[in-house]
Q: 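So that we are looking at the same thing, I have put the structure below in structure tokens.
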Amino acid sequence: MDLHQRIEQDLEEHINKDLELKKKLEDKLRCEDDPKEKAKLKNDIQDIDSTVADRRSQLKNLFKERQDREALARQMPDITFDELEIVTKSIICIPPAPPETNFTLTNPKEKMSKNKFTDKVLFPLTMGMGKVWEVNRFVETFATLNPDFPERLRAGFIREYERLRAEGVEGDALFEALCNFSSCHSTDIRKVAAGLAVLSYLFWKCEVFER
């Protein structure tokens, strides 16, 4: 059982306990005559309703995240040059970043720590890393036709990275925003997977994120 499944299980257990407590309070309310005690019981029931609604919302979001992760995991092995070309077209139109931009080689675990990434990022990043050599071959192939291609690709990501950082975006939110940028904000799972592969490649190359 992974972390997401444990959290889902904990939420379901808490919801069941909340509903059991709510039923006890409702049973007590029906037999209560004291106005003050009735008012207190009603407030307690409302608090439980609010808590249950919040936990159900969290559970729904976690369920959607798990579905998205499973869909991404199924799609990632099938990513080809076609998808990679689609997601990089809009990025390479951006002019190269200023020469003073400097991202040097960093240990991946240290880099995750420096960028305040959590286990939420570790899963998609690990999936994306599985396609690193495919992306590397893609970049090298296009570089033979257009020598500026690798630098323009890198520059597009760095420019977006710096824009997001200037807006105060960091940690997991920064990774997610760059994933959206990498996939051209597409909801097509093939493009999302291809975009994640490209971003993971640049992470592996240590050309994006805090060094």
Q: With rounding to the nearest 0.5 angstrom, report the CD to OG1 distance, Gln46 to Thr51.
A: 11.5 Å
Q: Would you name the heavy atoms of Lys131 and Ala197 that are closest together and state the gap between them?
A: CB-CB, 3.9 Å
Q: Please output the side-chain donor-acceptor pairs of residues 35-43 that fall under 3.5 Å, not counting sequence neighbours, one pair per line with the distance.
A:
unit_1: Lys40; atom_1: NZ; unit_2: Asp44; atom_2: OD2; d: 3.1
unit_1: Asn43; atom_1: ND2; unit_2: Ala39; atom_2: O; d: 3.4

Q: Apply ring pair (Phe, Tyr, Trp, His ring centres under 6.0 Å) to the pair Tyr161 and Phe175, showing each step before the final yes or no.
A: CA-CA 9 Å; Tyr161 169 86; Phe175 186 86; over 10 Å; no
Q: Within the 4.5 Å heavy-atom criterion, are Phe157 and Phe203 side-chain neighbours or not?
A: no
Q: Say whether, by atom type as modelled, one donor and one acceptor occur between the side chain of Arg165 and the main chain of Val169 under 3.5 angstrom.
A: yes
Q: Distance check, rounded to the nearest 0.5 Å: Asp47 atom CG versus Lys22 atom NZ?
A: 12.0 Å
Q: Please determine, by modelled atom types, if Asp54 and Gln58 share a side-chain donor-acceptor pair under 3.5 angstrom.
A: yes
Q: How many angstroms lie between CZ in Arg163 and CG in Leu178, if you round to the nearest 0.5 Å?
A: 9.0 Å
Q: Say you draw a straight line from CZ of Arg30 to CG of Leu25; how long is it, rounded to the nearest 0.5 Å?
A: 11.0 Å
Q: If Ile, Leu, Val, Met, Phe, Trp and Tyr residues are connected whenever their side-chain heavy atoms lie under 4.5 Å apart, and connections chain through other members, are Phe63 and Ile15 in the same group?
A: no
Q: Relative to each other, are the rings of Phe138 and Phe149 parallel, tilted or perpendicular (30° and 60° limits)?
A: perpendicular
Q: Roughly how far, to the nearest 0.5 Å, is CZ of Phe117 from CD of Glu176?
A: 11.5 Å
Q: Do Glu134 and Arg137 meet the salt-bridge criterion of a basic N to acidic O distance under 4.0 Å?
A: yes
Q: Output the distance between atom NZ (Lys28) and atom CD1 (Ile45), rounded to the nearest 0.5 Å.
A: 10.5 Å
Q: Search all heavy atoms of Ser182 against all heavy atoms of Gly195 and return the closest pair with its distance.
A: OG-O, 2.5 Å
Q: Do Val192 and Leu196 touch side chain to side chain, with heavy atoms closer than 4.5 Å?
A: no
Q: Examine the side chains of Thr118 and Asp172 and answer whether a donor and an acceptor come within less than 3.5 Å of each other.
A: yes
